[in-house]
Every structure is written in structure tokens, then in C-alpha cells.
Amino acid sequence: MNSTPISRFPHLRQDFAASLVVFLVALPLCVGVAVASGVPAELGLVTGIVGGLVTGLMRGSSLQVSGPAAGLTVLVYEAVREFGLPMLGAIVLTTGLLQLLMGLLRLGRYFRAISVSVVEGMLAGIGLVLIAGQLYPAMAAKAPDSGLGKMAHLPGAFWDAFGDGAALSSLALCAGTVAVLVLWKHAPAKVRTVPGPLAAVGLATLAVPVFGLPVATVEVKGLLGAVQPPPLSAFAEFAGVGVLGTVVAFTLIASAESLFSAAAVDRLHDGPRTEYDKELVAQGAGNAVCGLLGALPMTAVIVRSAANVQAGARTKASRVLHGVWLLLFAALLPGVLAYIPIPALAGILVYSGAKLVPVRALAVLWREHRGEALILAVTAVSIVAVSMFEGVLIGLALAIVKTAWEASHLRLEVVDKGAGPIEAYLSGNATFLRLPKILDSLESLPQDRPVRLNLSGLHHLDHACRTALENWAERHSAAGTEPVQVTEPDKPPRATAASRPTEPV
């Protein structure tokens, strides 16, 4: 009996409808991310196409959609500015190969061990730089190169814009685009069948001829003209530390963002869970193809993925079809891009950048986990002040220091009944980080009283602490009192009497 398409693909109707929604969401974002990254608009579409047709066909996360992401815009812009557009393909290709290798070595699961505060701080820093950077094209002005420069020169740029009619028109169009995106969720349900980003760009595109606005529009080169495989000479540049650092940054950030997105998408549906190592392989294959085509790097994108789930997608067919629609648009209607105003794309990315800054999460962290809030804030500020790669490294270093500090948590409980030996109980993790306070507390005990030191509550006792405790015991015993009695950690703790309040060490 021959099977029909419906029986072979029982969810085809749902996936087909979802793919159209994702396509309409992805189209303006692909173009906007490319323009903001300083590359031809068509390269954003190429990455979206590869995300659908290559990564979309592979196993990993069935409903997650990949493409060019706002989270990498700042890093791509810096790489293109410093090394040139031909180098971008070589960097993205190498990034993809590294992701493939990590996935095959089953390292994908370990990305879940990265501090969430560092990742959120990274996204917040990217969001701040993205907002500041896109406000300049919104005012028809050139953005400074550094993150601090973008922040510092904004007041002057706004002041200059109010004296320039063209700049004011451009800024008004950007503000209108952001307003549409913010208010779209309050529109009637039938109107909201059109995705917000597409509606915002469409309305802005119509406003330009209607009101005769003197604003810049997207430059179009054609799909084949924009695709430029990296020359072999580009790979000679990998001897430089700067290129290698950029590759590492691309790899870590793209992988972490994709896998964190996968975890978020898993919470949105009840279907199969993400296979993290296979998802990393899929992302690596996609980035390798993007690199060969000289296109933008890809990550999994939570906005498109959430739209896919909410539109009723059931299988990976929806994300593959969205890649088909992007390909047909790029092949048949590339001239439409030339009508899209740059300020409208800037507005979309300003809105996207604002959503990357976790204001509410930071407020909750500050109330409940101030150490994590500090890591988030320092990571974000470091990215703005220095650069993406160094900022993430600073955040990771701070997270490691915080973890080491917490891992060395130790408490000293002293039981003194007024007569007889003093009981001293150590519990927790005794490491060299707490050694000064351990010794200060023990040396403050009366010299003329015998001491029983109970270490049975310790989970860890490092060599430095053991040596220091032995030396203290010898010094205390040499004062003429009874020798200090020490209960080793592997022996059962003795019963405790009423004690004075626990003293943190």
C-alpha cells in the first residue's frame, strides 16, 4: 500500500504554517543583523538559508531555528573592521570546524556548566553596545569604533541631529519602528498574525515614499555577488594572536548562546529534548558552510525558535521550510531589499539589544544573590569598556574566584563549659584561602587551657591547612598545657555540648 504525503508527514500542515511565520520573523532580522555587522545584506540571508537547509536537517534540537544573531553583531563588526571581509569566511569556517570537533568529542553538555550570570552579562554587554551602535545610523551618523566611544559620543550626536532635518527624519523613523515593536503585542489578534518585525519594517518602508523622507536604504549587490568564499591567503593570518582570539570568542559565544537557547526552547514544548552534543555538531556544520560561502556566523536564535514553537511547529520540517522560503526570496526578489530603510533596521536591532539586557533578572539577582549580580554587571561593563573577548574572560575569571571563595566556606564552633578542655569544631572546606582566619581564631583561644580540635566535620582539608594546624597544635602544647587532641576528618564526630554561637571563619 502506497503511503500518502500526509501519512508520511502527519504534521505537515502545522509545520508548513509555522515555517511561514518563522520566515516572516527571520527576514528583517537577517537583513538587519547583516547591515549592523558591516557586511552586505545578502550575507545575512545566506546564513539564514544555511541555518534552515543545513543545520535544520540535522539532529539536535528539533524545534530550534538557527541564523544570524544579534548576539554576535558586535563581534562580527569588530572582526570585519580589523581583519577585512575576506577574513570573516575563514574565521567562521574555523569556528564551525571547532564546534564540529567539540560536538564529536561530546563536549556540548559541558557548556551548560558556564555560569548563567556570565552568559547573561555577555548578552547584556552586547545589548548595550548594540543599542549605542545602532543609534548612530538611526541619526544618519557614523558610529565610533569602541564601545566606550559609542556611549560617550551619543549626547553630542543627539545634539547635532536636532539641527539636521535629514537626521531628525531618520531618527523619527527609527523611533516609530521601535514603537511598533513595543506596541504590537497590544494589537488585535487578527493583526498580530503578521509578525511584529515584519510589520515594523513594512510600515517604515511605506512611510518613506508617502512622507518623502530623506533616509538611507539598504544597498543591494545580488546574492551571487555577495557570496565570496575566503581565499587561501586568508588562512595565513591565523598566525596572529588577534585572529586566534577572535576564533575562540566566536566559538565559545556562538556555542554557549546556541545551547542556552536550546535549554530555553525545551521549556517551551513537550516534544523530544535537545541532544546537546548533536546540536553542537549541527551548529558546527552550519557555520562551516557559512564560512565557505563567506557569510555571517550562525547561532540558534531564541526569537525565531520561540516563534516556531508558538506557531505550532511539531517537527524540524518547519525550520527547513523557512530556509526554503528565504532562498526563494533571495533568488527571486532581492531588489525588494533596496526599499528597506536603514533606520528601520536600526530600530529592530535597538529593540533586540534592549531585550538582551536582563533588567528584571538583575534586580532579582541583586536581592537574592548579590555575588551573581556583580558578575553579571562586571561582565557587561567590561565588554562595553574593553572588548567582547576580554569582557567574557573577565566574567569567567570572576565567576571562578567566587566559586573558589564559596568552596572554601568554613565554620568554627567553640564549646567552652568554663572548665576542662575547650572543644573546637571545624566544618566545611578547609583550604589555604581561609587559612589566615582559621589561625587567627585558634590562636585567640586561651593558652593555659587544653584544647580538643575536632576535624570530623570537614569535607576537605588541603595540605597547607593540615600543616598549619599541626604547627599550631605543637605551639599550643609547648605552652605547658596538655597536648592538643585532634580528631581526624575520617573519624565519627563526637557529641557536642551546649556551645556559644557559631563563628564564621
Side-chain angles (χ1 to χ4, degrees), residues 23-49 67-68 70 73 76-77 80-81 85 130-143 157-158 160-162 164-181 184 194-228 295-296 325-353:
F23 160 68
L24 295 175
V25 171
L27 179 60
L29 292 176
C30 287
V31 176
V33 169
V35 173
S37 301
V39 305
E42 291 87 348
L43 291 183
L45 293 176
V46 171
T47 299
I49 293 166
T73 300
V76 173
Y77 180 84
V80 172
R81 178 176 59 84
L85 185 56
L130 189 59
I131 293 169
Q134 289 306 301
L135 287 175
Y136 288 92
M139 296 181 283
K142 185 180 184 302
F158 275 110
D160 294 339
F162 282 105
D164 185 336
L168 274 178
S169 298
S170 183
L171 185 59
L173 195 63
C174 174
T177 302
V178 174
V180 170
L181 291 169
W184 197 249
V194 179
L198 184 68
V201 171
L203 290 173
T205 302
L206 288 175
V208 172
V210 170
F211 296 102
L213 301 178
V215 298
T217 56
V218 174
E219 294 183 10
V220 178
K221 295 182 179 180
L223 191 63
L224 294 179
V227 172
Q228 295 182 357
L296 292 171
W325 310 143
L326 285 174
L327 176 61
L328 290 175
F329 177 87
L332 303 178
L333 300 171
V336 174
L337 298 178
Y339 295 97
I340 298 177
I342 296 293
L345 298 179
I348 285 181
L349 290 171
V350 166
Y351 179 75
S352 299

Side chain to side chain, [X] and [Y], heavy atoms closer than 4.5 Å:
| X | Y | value |
| --- | --- | --- |
| Leu198 | Val25 | no |
| Val215 | Ile342 | no |
| Tyr339 | Thr217 | no |
| Ser37 | Val80 | no |

Looking only at heavy atoms, which two atoms of [X] and [Y] are closest? And how far apart?
| X | Y | value |
| --- | --- | --- |
| Ala295 | Val46 | CB-CG1, 3.7 Å |
| Pro197 | Pro28 | CB-CG, 3.8 Å |
| Ala143 | Gly133 | CB-O, 4.0 Å |
| Gly44 | Pro68 | O-CG, 3.5 Å |
| Gly347 | Val178 | O-CG2, 3.5 Å |
| Cys30 | Leu326 | SG-CD1, 4.5 Å |

To the nearest 0.5 Å, what is the distance between [atom1] ([X]) and [atom2] ([Y])?
| X | Y | atom1 | atom2 | answer |
| --- | --- | --- | --- | --- |
| Thr177 | Leu345 | OG1 | CG | 8.5 Å |
| Ser170 | Leu213 | OG | CG | 9.0 Å |
| Tyr351 | Trp184 | OH | CH2 | 12.5 Å |
| Leu43 | Leu296 | CG | CG | 6.0 Å |
| Leu45 | Leu29 | CG | CG | 11.0 Å |
| Gln134 | Ser352 | CD | OG | 9.5 Å |

Quick one: do Leu337 and Phe329 satisfy side chain to side chain contact (heavy atoms under 4.5 Å, CB included)? Show the steps, please. CA-CA 10 Å; Leu337 298 178; Phe329 177 87; 3.8 Å; yes
Side chain to side chain contact (heavy atoms under 4.5 Å, CB included) between Met139 and Phe158: does it pass, once the steps are laid out? CA-CA 8 Å; Met139 296 181 283; Phe158 275 110; 3.6 Å; yes
